[in-house]
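One structure below.
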Number of protein chains: 2
Amino acid sequence: MAVDRKQQIIDAATKSFSLFGYKATTMEQVAKLANVGKGTIYTFFKNKEDLLDEIISSLILEIKEAAEQAMDPDRPFFENVHRALYRISEFRKQHQLTVKLLQEVRDIGTPAVQEVMKKLDRAIIAYIREKIDIAIKKGEIRNCDAEITAFLMLKVYLALIVDWEKEHEPLTKEKIAELFELYFLKGLSK
Amino acid sequence: MAVDRKQQIIDAATKSFSLFGYKATTMEQVAKLANVGKGTIYTFFKNKEDLLDEIISSLILEIKEAAEQAMDPDRPFFENVHRALYRISEFRKQHQLTVKLLQEVRDIGTPAVQEVMKKLDRAIIAYIREKIDIAIKKGEIRNCDAEITAFLMLKVYLALIVDWEKEHEPLTKEKIAELFELYFLKGLSK
DNA sequence: AAATGACTAAATGGACAAAACGGTCAATCG
DNA sequence: CGATTGACCGTTTTGTCCATTTAGTCATTT
């Protein structure tokens, strides 16, 4: 076909969601930006929520790819997890779409956006979990509940990057790596 | 004096804040509950916010006492930190006031309540920090940034208790203690 | 067969009046 | 006379319209 209408719509919606947020984006706006009739959107997507969902699904793939690229198979497990998590959080910070949607969850709490952000978190946790499972099998780390560990790793990461800055000076990338290793790898025991 | 008017007011306000939240509580309501005129409140408290602030300040003292009681000087540092944090989180869960106010922050985001909850968090972190500082001095744990460690310990605790339950079965007290020790004390290295 | 935009029911937001609110202070009370 | 009070004030919040906008449909067009 001359033009991929579905891709046009996705591009237009991504742009508008990034710029104005989910709630403030109207389907007519998306249609205009995509140069299609409003009805056409509904031949590809069940509804507005489904449109956002598909966009986030491909964003998840993008994030996974970015994380995968940040890792180096020759390096130890822990450095790689740090690299992956750091890359993921950088990705979040740099991508207009995630920034805008996180802002929308904070400020308005749009249910559809909340749902989709949970999905993103779950995907990241599942990804880290895979890495942990492999590391356990390889004997690189102590045996542990991979799901809880992945969950906590993400929490600690976001706490160090997002929450810490609310009341203190931001931590450098190196400091974060150091802290991450201290708490998760070495532990506080002497 | 026959009746402690200030205490009456504090009791009435605590009850009303616990039952209806900060925003939904009117000063007239507090006055009625306390059996005083509305003006009397303002002879003891600068304004509504100040009233909440005093209540939280004494709550902080209560929490510290509860934590102190939960600890046992004969036990190792780590067990005590776990006991203290667990006691604090139980305290939060059981106290209607904190439950209601946390709910209000989530649902409405009342600025005054947000502020006072931050203060509560800061107090808990400062308390844990003291314990960490002592443990470092005594050589019970590795040298580390006590402020960041206290911050992370609280984060991890709340994550395990509050956030984990949102998508999984709640963890038992024993499991939490075990996890806490695993990540913070031992680390994942073999 | 694919694409469209006029159409509809439902949701939203702005304008405005009424009610409720936090905080003050002159009058009252003990 | 100092402690206490509730009527009072300016402001904010709430409720209620109604006009506009919106997501989603579907008969019509391409």
Side-chain angles (χ1 to χ4, degrees), chain A residues 1-56 100-101 104-105 107-116, chain B residues 1-56 100-101 104-105 107-116:
Chain A
M1 55 196 105
V3 281
D4 185 343
R5 295 190 168 302
K6 182 168 178 181
Q7 195 54 49
Q8 273 180 304
I9 292 166
I10 287 178
D11 291 346
T14 303
K15 194 177 240 170
S16 186
F17 289 157
S18 302
L19 238 50
F20 311 112
Y22 175 77
K23 203 187 168 195
T25 291
T26 71
M27 293 302 260
E28 212 150 9
Q29 208 175 115
V30 173
K32 249 187 201 147
L33 261 171
N35 279 107
V36 297
K38 188 156 63 124
T40 308
I41 299 177
Y42 290 89
T43 64
F44 294 109
F45 305 94
K46 212 170 83 246
N47 50 35
K48 190 180 177 182
E49 208 169 329
D50 187 49
L51 176 56
L52 175 64
D53 200 74
E54 277 213 32
I55 290 174
I56 294 296
K100 193 77 196 177
L101 292 182
E104 189 167 340
V105 170
D107 300 346
I108 322 182
T110 323
V113 181
Q114 239 161 0
E115 207 45 58
V116 102
Chain B
M1 58 198 102
V3 282
D4 186 345
R5 295 190 167 303
K6 182 168 178 180
Q7 196 54 49
Q8 272 180 303
I9 293 165
I10 288 179
D11 291 346
T14 304
K15 194 178 241 171
S16 185
F17 289 156
S18 302
L19 237 50
F20 311 112
Y22 175 78
K23 205 187 167 194
T25 291
T26 72
M27 293 303 261
E28 216 151 4
Q29 210 174 111
V30 174
K32 251 190 200 139
L33 262 170
N35 277 109
V36 297
K38 189 158 60 129
T40 309
I41 301 177
Y42 290 89
T43 66
F44 295 108
F45 305 94
K46 213 171 82 246
N47 49 39
K48 189 180 178 183
E49 208 170 328
D50 187 49
L51 176 56
L52 174 64
D53 200 73
E54 276 213 34
I55 291 174
I56 293 296
K100 193 74 196 179
L101 292 183
E104 187 168 341
V105 170
D107 299 346
I108 322 182
T110 323
V113 182
Q114 239 162 358
E115 207 45 56
V116 104

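Just so we're on the same page: letters track the sequence lines, and every chain starts at 1. Values below: all heavy atoms of this structure, side chains included; hydrogens, waters and symmetry mates excluded.
- For the pair A:Arg5 CZ and C:dA2 C1', the computed distance is 8 Å after rounding to whole Å.
- The backbone N or O of B:Thr110 sits nowhere less than 3.5 Å from a side-chain atom of B:Glu104 that would complete a donor-acceptor pair.
- Side-chain N/O atoms of A:Thr40 include one lying less than 4.0 angstrom from OP1 or OP2 on C:dT4.
- Partners of B:Ser18 according to the side-chain contact (heavy atoms from CB on, under 4.5 Å) rule, which considers only residues two or more places apart in sequence or in another chain, are B:Thr14, B:Gln96, B:Leu97.
- Between the CD1 atom of A:Ile108 and the P atom of C:dT12 there is a distance of 11 Å, given to the nearest Å.
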N/O contacts under 3.5 Å, protein versus nucleotides 26-30 of chain C?
none

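- Nearest heavy atoms, A:Leu33 versus A:Ala12: CB-CB, 3.6 Å.
- Here the side chain of A:Thr43 pairs a donor or acceptor atom with the backbone of A:Thr40 at under 3.5 angstrom.
- No donor-acceptor distance shorter than 3.5 angstrom exists from the side chain of B:Gln8 to the backbone of B:Asn35, with no hydrogens or angles considered.
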Could you pull out every donor-acceptor pair under 3.5 Å between side chains of residues 45-54 of chain B and any protein atom, sequence neighbours left out?
unit_1	atom_1	unit_2	atom_2	d
B:Asn47	OD1	B:Glu49	N	3.2
B:Asn47	OD1	B:Asp50	N	2.9
B:Lys48	NZ	B:Tyr22	O	3.0
B:Lys48	NZ	B:Thr25	O	2.8
B:Asp50	OD2	B:Lys46	N	3.1
B:Asp53	OD1	B:Lys119	NZ	3.4
B:Asp53	OD2	B:Lys119	NZ	3.0

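- Applying the salt bridge (charged side-chain N to carboxylate O under 4.0 Å, His left out) definition to pairs two or more places apart or across chains, none involves residues 26-43 of chain B.
- Side-chain contact of A:Gln7 with A:Asp11: a donor-acceptor pair under 3.5 Å is present, judged by distance alone.
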- prompt: Can you give one letter per nucleotide of nucleotides 21-30 of chain D, going 5' to 3': B for a protein heavy atom under 4.0 Å from the base, S for sugar-phosphate only, - for none?
  reply: -SBBB-----

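- Smallest separation of non-hydrogen atoms from B:Leu101 and B:Ile56: CD1-CD1, 4.0 Å.
- The nearest pair of heavy atoms linking B:Lys100 to B:Phe17 is CG-O, 3.4 Å.
- B:Asp4 places its CG atom 14 Å from the P atom of D:dA3, with the value rounded to the nearest Å.
- Using five terminal pairs a side, the axes of the helix from C:dA1-D:dT30 to C:dG30-D:dC1 at its two ends make an angle of 20°, given in steps of 10 degrees.
- Distance CG (B:Asp50) to C1' (C:dG23): 13 Å, rounded to an integer number of Å.
- Between the NZ atom in A:Lys23 and the CD1 atom in A:Ile108 there is a gap of 5.5 Å [rounded to 0.5 Å].
- As rounded to whole Å, 16 Å separates atom P of C:dA2 from atom CZ of A:Phe45.
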